[in-house]
Amino acid sequence: MDKNQTIGLVLMSALLIAYMFFFSPSKDEQQAQKQRTEQIQDSIRIAQEAVAAKTNTQTEQSVELDSATKALIASAKEIVLENDNIKVALSSLGAEILNVELKNYETFDGKPLILVDEQNSQIELSIPTSSGSVRIDKLGFTVQNAAKDKVTFAGTVDGKPLEITYTLPKDGFELFYAIKTDAATQSLQLSWTDAIKRTDQNIELDRRETTVNYYTIEDDFDYLSKGSTDKQDEKLENSVSWFSMKQRFFNAALITDKQFDELTIGSAAVNEMDSSTIKTLKVETSIPISSLTADANARFYFGPNKHDINKAVTEGFQENTYLGWAVLQPISLYVIIPLFNVLEKFISNYGILIIVMVFLIKMVLAPLTYKSYVAQARTKVLQPEIQKIKEKYPDDQAKQSQETMKLNSEFGVNPLSGCLPMVLQMPIIFALFTFFPSAIQLRNEAFLWASDLSTYDSILNLPFTIPFYGNHVSLFTLMMTASQILVTSVSTQQTSMANSPINPKVMMYGMPIMFMFVLNSFPAGLTLYYVTSNLVTLTQTLVIRKFFVNEEKIRAQLETRRDEKKKSGKKGSSFMQRMQDAMAQAQEQQAQAKGKPTVDTKKENPNKKDKLK
């Protein structure tokens, strides 16, 4: 963000425009079914022989193996674990997860939200044996102790018993996972590929926020770079305690109280023409057996990116809910989110909730708004004197600035005091800028013409794409731009622009136009907030001007203050004095550069020490 309004808005725009995104094509249903038919009971070696025999020869042995494979698939049992939040389907063939449904959420087109399914997500788990590596997800298991919240799959590998247990607590989004085996091995190899399906309308914004997050055992959160659309792979140097396939609103993760080693994370190249899949992500890791035992509390997480839910899962897991830069996160955590949660208990319509939220925040910031307006009014009443200075030194910008500073010091006016209240409000504005795009509460919530506050409100779809704008027209964004221009027009009536190095109107009126392009594809909840905020600001300004600020009284107060300073012999503030000294030095250097006689700075400013040469 910024140190002042101009620099802050420019930096924020550059940050948004710099976002890039990934995507990769998904595996089709025929490939997934082919993989299922390759699964057999004893080992990966036999499965590969069965496939080769079926496709290349018609020998008697191939028919027998093919029949065994078919029999194994036909005998597979599906077990469903379910609580109030998620529904998990498991298969005895490989003791693997078939699909996970989030029961309290839907896709943007009203379908059940399946976060993980067997067509798009493959979790391959291999165990080394004396005869080679065996894929656990291709073994046959028998079902033991099946219940609504727990199931154990029993099988063998290399002649040793192998048990895999899934446990689903009564509440929450975690699925506990434990392995018990007598096999002589220290670790397993996991490969998890997830072609993440589209669940929300704004696929472009979703792609920007989809990546692999992870948390190292040194308590360091990080993620796979979002800035490339090409295929990428990254091998991590440190072990991690969890990793997640993170989308904008949801994530699927694997967690342990111990560690995963030798992680390689990556994503496939983005195919922007395919709108059915957001991205394809992949994680490969070596997992110590001790990290998957019951004491290690190994578990999957299939659920929303919501800060209070994620925080209760494990250390650092709340980072899956993006709340902006670390310096601004306290504003979201201790102001915005608590206020939003309180309002949510009383207001069911989220559009109205956002409007009420604006009014409450503006009421709290009203004293700063008032001080800013008064400071601007003090500057405005000095405009006649400032105009005289400009007329006296029409071609000397440095002299104009120096004399204006002396004038402000004489009347006790600090031209920066009007900017300070505005600067203090900017962190809140930027915190809201990151909160609304990540607020899962706004998903599929309608308000006025916006069918979903978590995505843009389109009133017109264009047959072409405008660079940096898009192929649609957002009405809330247009309203935001118009209201911001109106606020700027009213505010500039109170602001001195005498010494601006560039035409201030170009910057002040150009910013709303630029943000019309930047925010056209951002969530309607965010632009609704800005529209309401601008209208409240405009109302506050007009009310303060009409009933609380009298420019004649301000002028009289300033003249009284000037007379009192003259009588008492008090000097201006040290800050103003330093500013005057700097301006005097700049004027002298400018005169020397032009070959003019040096200004006697002692006469111009008798309070300045003799250190200019």
Side-chain angles (χ1 to χ4, degrees), residues 1-2 4-6 8-9 12 331 335-336 339-340 342-343 347 351-383 413-433 435-436 447-448 476-497 504-505 507-509 511-513 515-516 519 525-555 557-558:
M1 218 117 96
D2 72 341
N4 57 56
Q5 187 177 21
T6 300
L9 294 176
M12 190 162 60
I331 299 174
V335 178
I336 297 173
L339 176 59
F340 193 95
V342 169
L343 293 176
I347 305 174
I352 297 176
L353 185 152
I354 291 172
I355 293 173
V356 173
M357 190 175 180
V358 173
F359 276 96
L360 293 177
I361 292 177
K362 284 293 186 179
M363 286 176 60
V364 174
L365 298 177
L368 291 178
T369 304
Y370 176 76
K371 290 182 178 180
S372 176
Y373 189 91
V374 171
Q376 293 173 4
R378 288 174 179 169
T379 303
K380 182 182 179 183
V381 299
L382 296 181
Q383 288 305 301
V413 173
N414 184 351
L416 299 180
S417 61
C419 300
L420 182 59
M422 186 181 301
V423 171
L424 294 176
Q425 297 180 51
M426 294 303 286
I428 297 177
I429 295 175
F430 193 67
L432 290 165
F433 187 83
F435 168 75
F436 280 110
F447 181 67
L448 299 178
F476 277 136
T477 304
L478 292 179
M479 293 173 63
M480 178 200 70
T481 303
S483 60
Q484 184 60 52
I485 291 175
L486 188 58
V487 169
T488 300
S489 176
V490 173
S491 299
T492 53
Q493 298 176 17
Q494 291 294 118
T495 306
S496 172
M497 304 179 183
K505 289 186 178 181
M507 183 66 68
M508 299 182 74
Y509 289 101
M511 280 295 171
I513 302 298
F515 270 88
M516 180 184 69
L519 297 180
L526 176 66
T527 48
L528 170 62
Y529 183 95
Y530 287 155
V531 169
T532 310
S533 178
N534 288 338
L535 295 178
V536 173
T537 298
L538 180 63
T539 302
Q540 286 179 329
T541 302
L542 295 176
V543 169
I544 291 172
R545 176 184 297 180
K546 179 70 174 179
F547 299 103
F548 296 97
V549 174
N550 186 307
E551 294 182 3
E552 293 181 359
K553 290 183 178 180
I554 290 177
R555 176 72 190 197
Q557 291 172 355
L558 293 179

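What you see below is based on every heavy atom in this structure, not just the backbone, and it leaves out hydrogens, waters and symmetry mates. Since the model is a prediction, treat every value here as computed from it, not as a measurement.
- One distance of note links CG of Leu535 with CG of Leu486; it measures 8.5 Å at 0.5 Å rounding.
- Here Phe340 and Phe435 bring their ring centres to under 6.0 angstrom of each other.
- Residues Leu448 and Leu528 have side chains not in contact (no heavy-atom distance under 4.5 Å, counting atoms from C-beta outward).
- Within the 4.5 Å cutoff, no side-chain heavy atoms of Phe515 are placed close to those of Thr481.
- Side chains of Leu339 and Val335 form no contact here, defined as non-hydrogen atoms less than 4.5 Å apart.
- The CD1 atom of Ile347 sits 7.5 Å away from atom CD1 of Ile352, with the distance rounded to the nearest 0.5 Å.
- Judged purely by atom type and a 3.5 angstrom limit, Ser533 has no side-chain atom pairing as donor or acceptor with the backbone of Tyr529.
- If you take CE on Met363 and OG1 on Thr369, they are separated by 12.0 Å, rounding to the nearest 0.5 Å.
- Between Val487 and Leu538, the shortest heavy-atom distance links the atoms CG2-CB, 4.0 Å.
- Here the CD1-CZ distance, from Ile354 to Phe359, works out to 13.5 Å after rounding to the nearest 0.5 Å.
- Counting heavy atoms from C-beta outward, Ile331 and Leu432 have side chains that stay 4.5 Å or more apart.
- The structure places OG1 of Thr532 at 12.0 Å from OH of Tyr530, a figure rounded to the nearest 0.5 Å.
- When all heavy atoms are compared, the tightest approach of Val531 to Met480 is CG2-N, 3.3 Å.
- Between Ile355 and Phe447, the shortest heavy-atom distance links the atoms CD1-CZ, 3.9 Å.
- Between Thr527 and Leu519, the shortest heavy-atom distance links the atoms CG2-O, 4.0 Å.
- When all heavy atoms of Gln540 and Lys362 are compared, the closest pair comes out as NE2-O, 3.5 Å.
- Put simply, the side chain of Met511 does not reach to within 4.5 Å of the side chain of Thr488, judged on heavy atoms.
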